[in-house]
Amino acid sequence: MPELPEVESLRASLARTLVGRTCLSVEVREQRLRRRVDPVALGALVGRKFVAVGRRGKYLLIELSGQLLLLVHLGMSGSLTRRQSDLTPAGLSVRHDHLTLALDDGSRLVYNDPRRFGLVRLLSLGERDSAPELRILGAEPLEDRFNGGWLWRQARRRRAALKNLLMDQRIVAGIGNIYAAEILFCAAVRPTRRSSRLTREQAARIVEATKQVLQRSIGRGGTTFRNYLDGRGVPGRFAAELQVYGRAGKPCRRCRTPIGVARLGQRATFYCPKCQR
DNA sequence: CGTTCCACCTGCCAGC
DNA sequence: TGCTGGCAGGTGGAAC
């Protein structure tokens, strides 16, 4: 489900409301996520104060007192919501509330994930750079290291489709299936193009498009295509602005040509056959 | 090494 | 109305 803009929106909202609170208790109701959740390790959260909320790629990095770092990945269907009452927000089922942190203001922070592809793991702050999940991540797309020349150099040695390059977290961290499609439409480049055939000019356009699309979506609170909810249980508003994702057969918003769909690496890939070359 | 395929899960929807 | 198959915003390991 959540890609960089959704995680970033969540990060910002948690940074505003969570920092300064103290965790009073931890309840693990389901350990079977992508990696087994360790209730004993998470017990170290009790009595700790939330210090800061960061992000790396699609990972949320929640920093607590005592040099603790709570690593959260939402997988395909995860959400992390702050709840003032005992009610589960509309759209979520209480049976997938796997982890609950009770806070000192009477609210709860709840991790819900129907498909259980997500990850919750407690690290020490010092492990930030050595944790296997984070160590392999490539450039942050909104930082300066991610620029046209750099992307072109990464692309030239690969022959896989360009869209797969953009979705490879070891190259660029945070882009998934929705934004890869939207970025390549914005840059007017075919997702099926071989990476090694990318021109410098196209690489520069893709980088510009990446920053523009991601920033714009962050400004809208991310994309709710199916069931993503932010930290308050509210859907993102960028879905209304999707140009190609999920629009197979519908007219291109730029040229009216029907949007095409291909399969790339077992993922649906949407593009305009006329606008994208 | 790069690339492709598959498994991991539940929910939902189209088609029969 | 049910049932079934296919698909869904991700990742990592196996196999080539």
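Proteins come first, then strands; the chains are lettered A, B, ... in the order of their sequence lines, and each starts at number 1. If you're wondering where the values come from, they're calculated on a predicted model, not measured in any experiment.
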Q. Does A:R115 get its side chain close enough to the base of B:dC9, under 3.5 Å, for a donor-acceptor pair?
A. yes

Q. In whole angstrom, what separates A:L80's CG from C:dG9's C1'?
A. 17 Å

**Q.** Candidate nucleotides C:dA8, C:dG9, C:dT11, ranked by approach to the side chain of A:E6 - the nearest
**A.** C:dG9

Q: Counting Watson-Crick and G-U wobble pairs only, both distances under 3.5 Å, name the nucleotide matched with C:dG13, or none.
A: B:dC5

**Q.** d(CZ, A:R34; P, B:dT10) in whole Å
**A.** 17 Å

Q. Paired with C:dA8: which nucleotide, if any, by Watson-Crick or G-U wobble criteria at under 3.5 Å for both distances?
A. B:dT10

Q) How long is the line joining NE2 of A:H98 and P of B:dT10, in whole Å? A) 9 Å

Q. When all nucleic acid strands are considered with a 4.0 Å heavy-atom cut-off, which category describes A:Q169: base, sugar-phosphate, or nothing?
A. sugar-phosphate

Q: For A:I136, report the nucleic acid contact type (base, sugar-phosphate, nothing); a contact means any heavy atom under 4.0 Å.
A: sugar-phosphate

Q: Just compare C:dG9, C:dG12, B:dC5 and give me whichever is closest to any side-chain atom of A:Y245.
A: C:dG9

Q: Decide, applying a 5.5 Å centre-distance limit and a 30° plane-angle limit (both strict), whether A:F225 stacks on C:dG9.
A: no

Q) C:dG9 and B:dT3: how far apart are their C1' atoms, nearest whole angstrom? A) 23 Å

Q: Output yes when at least one side-chain N/O atom of A:H73 is less than 4.0 Å from OP1 or OP2 of C:dT11, else no.
A: yes

Q) For A:F117 and B:dC8, do the ring centres fall under 5.5 Å apart while the planes stay under 30° apart? A) yes

Q) To the nearest Å, how far apart are A:R170 CZ and B:dG2 P? A) 7 Å

**Q.** OP1 or OP2 of B:dC9 under 4.0 Å from side-chain N/O of A:H96
**A.** no

Q) Regarding A:R247 and the six-membered ring of A:F185, is the cationic atom NZ or CZ under 6.0 Å from the ring centre and inside 45° of its axis? A) no

Q) With a non-hydrogen cut-off below 4.0 angstrom, is A:R32 in contact with a base, only sugar-phosphate, or nothing? A) nothing

Q) Which nucleotide in the list B:dG11, C:dG9, B:dT3 gets nearest to the side chain of A:R159? A) B:dT3

Q. Is A:R145 salt-bridged to A:E143, cutoff N-O under 4.0 Å?
A. no

Q | Ion pair check, A:R205 and A:E208, cut-off under 4.0 Å | A | no

**Q.** Gap between atoms CZ and P, on A:R263 and B:dT3 respectively (whole Å)
**A.** 20 Å

Q.
With a 4.0 Å cut-off on N to O distance, would you call A:R82 and A:D105 a salt bridge?
A. yes

Q.
By the 4.0 Å heavy-atom rule, please label A:S93 as base, sugar-phosphate, or nothing.
A. nothing

Q: For A:R35, report the nucleic acid contact type (base, sugar-phosphate, nothing); a contact means any heavy atom under 4.0 Å.
A: nothing

Q: In whole angstrom, give the distance that lies between atom CZ of A:R121 and atom P of C:dG12.
A: 11 Å

(Q) OP1 or OP2 of C:dG9 versus the side-chain N and O atoms of A:K58: is any pair under 4.0 Å? (A) no

Q) Checking only heavy atoms, does the side chain of A:R267 share a donor-acceptor pair with the base of C:dA8 at less than 3.5 Å? A) no

(Q) Just the rounded figure in Å: distance from P of B:dG11 to CZ of A:R116. (A) 10 Å

Q: Test A:E133 against every option in A:Q169, A:R56, A:R34, A:R121 by the side-chain hydrogen bond (donor to acceptor under 3.5 Å, both in side chains) rule and name the one that passes.
A: A:R121

Q: Calculate the interatomic distance between A:N164 atom CG and B:dT3 atom P; express it in whole Å.
A: 9 Å

Q) Of the options A:V28, A:V120, A:L33, A:V110, which is the one that meets A:H98 in a side chain to side chain contact (heavy atoms under 4.5 Å, CB included)? A) A:L33

Q: Tell me which nucleotide among B:dT3, B:dG11, C:dG9 gets nearest to the side chain of A:P114.
A: B:dG11

Q: Look at the side chain of A:R95 and decide which nucleotide, out of B:dG11, B:dT3, C:dA8, has an atom nearest to it.
A: B:dG11

Q) Quick check: are there more than 12 heavy atoms from other residues, nucleotides or ligands sitting under 6.0 Å from NZ of A:K49? A) no

Q. Does A:R226 or A:R158 map to a spot on DNA chain B nearer the 5' end, using the closest nucleotide for each?
A. A:R158

Q: Pick the P atom in B:dC9 and in C:dC3, then give their distance to the nearest Å.
A: 24 Å

Q | Residue A:N177, side-chain atoms from C-beta onward, closest of C:dT11, B:dT4, C:dG9 | A | C:dG9

